[in-house]
**Q** 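Dumping the structure here so I can ask a few things about it.
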Amino acid sequence: MASSNSEKMQEQITLSRRMFIAGCFGLPWLWICNVLYFRAKVFQPLVFLDYWPGHVPPPRVDQEGNNDQEQSVEEQLNRMELKKWVKRSTLGAFVVMGAFIAWIITFQTNKEFFGYNWLVVGETEASQSGW
């Protein structure tokens with residue numbers, strides 16, 4: 001059972017690492033998917049997402065009735081490795097979303113500076129390019 005649990009954790013670490021690396025190659029939405037998929041193992045349960053206010057929050061997925069002292073060193077290292085990749089994905093997602101929101105705000109507040117031709121190809125440009 002321990003080797004099965006260790007193999008499952010290794011598969012999860014590999015999946016998390018692959019999603020992070022794919023996010024680095026131009027698919028940052030995978031970082032968000034990575035965080036949402038593994039958030040129950042890494043972060044605390046969230047109100048309105050995992051349970052309603054006034055109800056008892058569900059136990060963390062990684063606790064399964066064991067204390068940290070009872071867990072093997074290998075399980076703790078695997079959990080730390082998973083946390084590392086999920087936290088990197090979280091940071092990357094926040095940075096990319098922040099840059100995207102900053103670009104939208106900058107563009108929307110300075111529409112006049114960019115001009116109409118920056119957004120739409122005019123007739124003269126269309127005839128020159130052949131499109």
**Q** For the atom pair OG1 (T90) and NZ (K83), what is the distance rounded to the nearest 0.5 Å?
**A**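 NZ of K83 is found 12.0 Å from OG1 of T90.
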
**Q** For residues 25-37, run the donor-acceptor check on the side chains, cut-off 3.5 Å, and write out each pair with its distance to 0.1 Å, sequence neighbours left out.
**A**
from : atom 1 : to  : atom 2 : distance (Å)
W31  : NE1    : F20 : O      : 2.9
N34  : OD1    : S16 : OG     : 3.3
N34  : ND2    : S16 : O      : 3.3
N34  : ND2    : S16 : OG     : 3.3
N34  : ND2    : S89 : OG     : 2.7

**Q** After noting the C-alpha distance and the side-chain angles of M9 and E81, does the key distance pass the side chain to side chain contact (heavy atoms under 4.5 Å, CB included) rule?
**A** CA-CA 10 Å; M9 191 66 160; E81 183 77 10; over 6 Å; no

**Q** Can you get from L91 to V86 by hopping between Ile, Leu, Val, Met, Phe, Trp and Tyr side chains that sit under 4.5 Å apart?
**A** no

**Q** Mind checking what makes ring-ring contact (aromatic ring centres under 6.0 Å, His included) contact with F48, not counting sequence neighbours?
**A** W52

**Q** Determine the sole option in Q10, K41, R17 for which the side-chain contact (heavy atoms from CB on, under 4.5 Å) test with L82 is passed.
**A**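 Filter result, single survivor: K41.
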
**Q** Take atom CZ of F100 as the centre, draw a 6.0 Å sphere, and report whether it contains more than 12 heavy atoms from other residues, nucleotides or ligands.
**A**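 Open: at most 12 neighbouring heavy atoms sit under 6.0 Å from CZ of F100.
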
**Q** Output, in order, the C-alpha distance, side-chain angles, deciding distance and verdict of side chain to side chain contact (heavy atoms under 4.5 Å, CB included) for V42 and R79.
**A** CA-CA 8 Å; V42 175; R79 184 168 299 118; over 6 Å; no

**Q** Among the clusters formed by ILVMFWY side chains lying less than 4.5 Å apart, do M97 and V95 turn up in the same one?
**A**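 Not linked; separate clusters.
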
**Q** Taking all heavy atoms of Q12 and all of F38, pick out the closest pair and write down the distance.
**A** O-CZ, 3.6 Å

**Q** Assess, by modelled atom type and distance only, whether the side chains of S6 and E74 contain a donor and an acceptor separated by less than 3.5 Å.
**A** yes

